[in-house]
Amino acid sequence: MRRYEPRDQGRAPGPPSPPEGRATGRPATTLTNTIRGDAVVSGGTVQAGEVHGGVHFHHVPVSPPPRPAQLPRPPVHFTGRGDHLNALDAACPALGGAPLVALSGISGIGKSALAVHWLTLCRASFPDGQFYADISRAGGPRQVLRQWLVALGHQHPPADLDELAALWRSVTDGLRIAVLVDDVTDTTAVRHLMPAGTGSLTVVTGRRKLWELALHGALFQDLRPLPPDEAVQLLTRYLGEERTSADMAAARRITEACARVPLALALTGARLAARADLPLALVPFPTLSLEDPAVDAINNALDAAYRDLQPGPKLLYRVLGVLPTSSFDTHGTAAAADLPLPDADRHLTSLCDAQLLKVEGNRRFGGLRYVFTADAQVHALGLAEATDDARARAQTVRRLCDWVLWTATEAQKRLTPAQATLPRTYAYEPSGPPPFDDRDEAWAWLEDHQGDLLPTVRAAAAERWYTTGHQLVDAHWPWFLHSHIYDVWIEAHRIGLDCARRAGDTAAERQMLNSGAIGLSNAGRIEEAIEWYTASLRAAKEAHDVRDEGQAQLGLAACHFNAGRPMPAQAHVQEAVERWNSCGYRRGVALAGILAGEIATAQENLPQAVTLFTQAHTLLTELGEEFEAARALAHRGHARALDADHDNGLSDLRQALAVFDARRTPRWQARARHLLGQAYAAAGDTGTAREHYADSADRYARFDPLRAEEVRALLAAL
């Protein structure tokens, strides 16, 4: 056997030394076997001091590594997510979809469960293996790539990250594999972990929206709490159909208490499954104990998302938690947080990326509106109470109330410029132009922000900002007038009336009584409306306010007319006209003329009715009151049609309807079509009458079901 020795630089190798104890005539020495210097050894090599017998090299066949199947076990009780599963199916490379999918949502929302469930279902589409890594625990992309390459048979992968990524791409080129990377925070890692080839797929999950992956053509899927029915279904998988169906109301309360977050539902379901003797009605929900694992799951998820934020979005998150409203737009957010608009917009986007807010949907005006996800609003309020002092929190709410008041007042100026309004006072008056230019935009703003009214009025009353409270109600008069949402109308005016009385503002008290009584009357609560008008009339007389006396008298006239009492109605109309003529309030006189015309129509004095409506229409047109003038025109058209003047009657009604449609006033859109149906029926055109009756009934059904039934009866009688 040949013996190899290293070469020693600068010295020729000497003869070998015999082993100790051998008769050589020289002292015995110890043999050593070392490789040093620039020696190169490769192949089947044996280094030994002495070998007895032959040395044989045999090739041992190496089995190929098993097909990688690294995914965690799929969730046993996976439920719902049908839309997301369909989107993932479409993203499968086998169907020509995107090679990268990004799932985002707060912790516990079910991102990993969805990914594992779906990848398990489509295992056959990736015959070369499925790889998994929890990137936050695996030590980064370098360690993950080394493990994956070893799984593919590369026992000695390089150490450098770029070399590892290059080898990974080379090895996976042409393969059809699926990769799941959990809990991604740094999207640069994803670039290294994506396999090559068009037949492979990478799925990543992260708490925030990983928008940077759009550079790699990612398909984004944001996971929200489960819909109510799916949340109950998930709970049922733990408790059994019999137990949940026995008390479905309690089951739904439990799911809502868990914010319909899958992890919280799973923990709650598992806990309750172990208490099969406990009726769901006795479960202490929706008030969950802070020690409850479901509460911990939700709070831990929200805490993690909050910790990842920068200081600016963190502060805005707490500000939004303090606000009384449930949705926010950029302008209101900027006002409440005392931020420039660009900063507010940027921070709102960051909160959306962190899955703490979501976009509520398209609005007609004002850009995007945002709402909290899961229990984030309660979480944000808790952080604000623990972090920010009470004075700062109150200032935040006051800035929002002042912004809503100021902006609604600007809308009111454009929509009902002739309407008498209360003075406005502000602690933090906004500056600059309002977020709209014309009447249409102003109306769209009121519609989009109608949900801000009651929360801000309640907040102002609770904080004892009584003047702001009744001014907020007064500023929304155009919305009350055209929306006919009477429950909000009445509640807002009850709070506004209480605020006016607590503020000692008698003018505001009369304003709340009069405009609140209109809502009561329109809602069919005639006797309550008469009480409010009577109180307003008494207060106006005490204040010697002739104009408000006329307003209360006209309101009383309308109530009696609607109650089928034309004689007292006529008397109150006359009182209103006398008072308004005495103070030169021409608009009031014209409005009284419309009601007088309605009374004449009911008494079948049609020529007088047409005269009264014509006078009112002319005066209101001169005053620029387009909507009120259209009301007079519609009534005149109805009276003319009843008097067999069909052509002129139809012409008046069609002109009025064009105004109501342009102004998007639901009650008058429905009523004008109702009157047109009657006019066409009287003219013998039953086909067109049917169309208008059907349209009117559909519109009435949204806010006045009884009137809808009346119109359907007319339709059936044709």
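Being a predicted model, the structure only gives us computed values, none of them experimental.
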Check: H476 side chain, L472 main-chain N or O, donor-acceptor pair, under 3.5 Å: yes
Side-chain ion pair, R663 and E626, N-O less than 4.0 Å: yes
Expected output: side-chain T387 to main-chain A384 donor-acceptor under 3.5 Å: no
Pairs meeting criterion salt bridge (charged side-chain N to carboxylate O under 4.0 Å, His left out) with involvement of residues 459-474, two or more places apart: R424-D474
Any donor-acceptor N/O pair, S521 side chain to A517 backbone, under 3.5 Å: no
Student check: side-chain heavy atoms of R547 and R579 closer than 4.5 Å: no
Validation row: Y370, C352 side chains within 4.5 angstrom (heavy atoms): yes
Salt-bridge criterion met for D545 and R510 (N-O under 4.0 Å): yes
Nearest-0.5 Å distance that lies between atom NE2 in H572 and atom CG in L556: 5.0 Å
Flag side-chain contact, heavy atom, 4.5 Å: L415 against F627: no
Geometric cation-pi criterion K209 and F220, 6.0 Å radius, 45° cone: yes
Salt bridge present between E410 and K413 (N-O < 4.0 angstrom): yes
Nearest-0.5 Å distance that lies between atom CG in L554 and atom CG in L591: 7.0 Å
Heavy-atom pair with the smallest gap, counting every atom of A354 and L309: CB-CD2, 3.8 Å
Carboxylate-amine/guanidinium proximity below 4.0 Å for R252 and E256: no
W477 and W489 aromatic centres sub-6.0 Å: yes
Could you go through residues 497-504 and list every donor-acceptor pair under 3.5 Å that involves a side-chain atom there, pairing it with any protein atom two or more places apart or in another chain?
unit_1: D498; atom_1: OD1; unit_2: R502; atom_2: NE; d: 3.4
unit_1: D498; atom_1: OD2; unit_2: R502; atom_2: NE; d: 2.8
unit_1: R501; atom_1: NE; unit_2: E509; atom_2: OE2; d: 3.0

Electrostatic pair R587-E625, nearest N-O below 4.0 angstrom: yes
T373 and Q355 side chains, donor-acceptor separation under 3.5 Å: no
By side chain to side chain contact (heavy atoms under 4.5 Å, CB included) - contacts of L263 (at least two apart): L267, A297
Approximate separation, where rounding is to 0.5 Å, of T255 OG1 and L235 CG: 7.0 Å
Whether Q471 side chain and P423 backbone form a donor-acceptor pair below 3.5 Å: yes
Cationic N near anionic O, under 4.0 Å, D402 to R399: no
Flag side-chain contact, heavy atom, 4.5 Å: D338 against Y428: no
Ion pair check, K358 and D222, cut-off under 4.0 Å: no
Side-chain touch R318/L315, heavy atoms, less than 4.5 angstrom: yes
Aromatic centroids of H493 and F480 separated by under 6.0 Å: yes
Beyond-backbone contact of V322 with E385, side-chain heavy atoms, under 4.5 angstrom: no
From CA spacing to verdict: side chain to side chain contact (heavy atoms under 4.5 Å, CB included), T409, Y426: CA-CA 12 Å; T409 299; Y426 303 97; 4.1 Å; yes
Point-to-point distance, once rounded to the nearest 0.5 Å, from CG of L454 to CG of D487: 8.0 Å
Near-ring test H482/W443, centroid separation under 6.0 angstrom: yes
Electrostatic pair R667-D704, nearest N-O below 4.0 angstrom: yes
Aromatic ring pairing Y306/Y317, orientation class (parallel under 30°, perpendicular over 60°, tilted between): tilted
Non-neighbouring partners of A563 that pass side chain to side chain contact (heavy atoms under 4.5 Å, CB included), sequence neighbours left out: I526, R565
Sub-4.5 Å side-chain heavy-atom contact between I109 and P225: yes
Residue pair I495 / A461: nearest heavy atoms and the distance that separates them: CG2-CB, 3.9 Å
Charged N-O contact under 4.0 Å between D388 and R393: no
Y700 side chain reached by H674 side chain, heavy atoms, under 4.5 Å: yes
Pair R631 + E628: basic N to acidic O under 4.0 Å: yes
Ring-face cation contact, W465 with R398, 6.0 Å cut, 45° max: yes
CG-CG distance between L351 and L320, expressed to the nearest 0.5 angstrom: 6.5 Å
Heavy-atom neighbours of D83 CG exceed 12 at 6.0 Å: no
side-chain hydrogen bond (donor to acceptor under 3.5 Å, both in side chains) partners of S696, counting only residues at least two apart: none
Distance, nearest 0.5 Å, that separates CH2 of W406 from OG of S431: 7.5 Å
H449 side chain to R369 side chain, donor-acceptor N/O pair below 3.5 angstrom: yes
Heavy-atom donor-acceptor pair, S350 side chain to R346 backbone, under 3.5 Å: yes
Counterpart residues, ring pair (Phe, Tyr, Trp, His ring centres under 6.0 Å), relative to H635 (two or more places apart): F613, W668
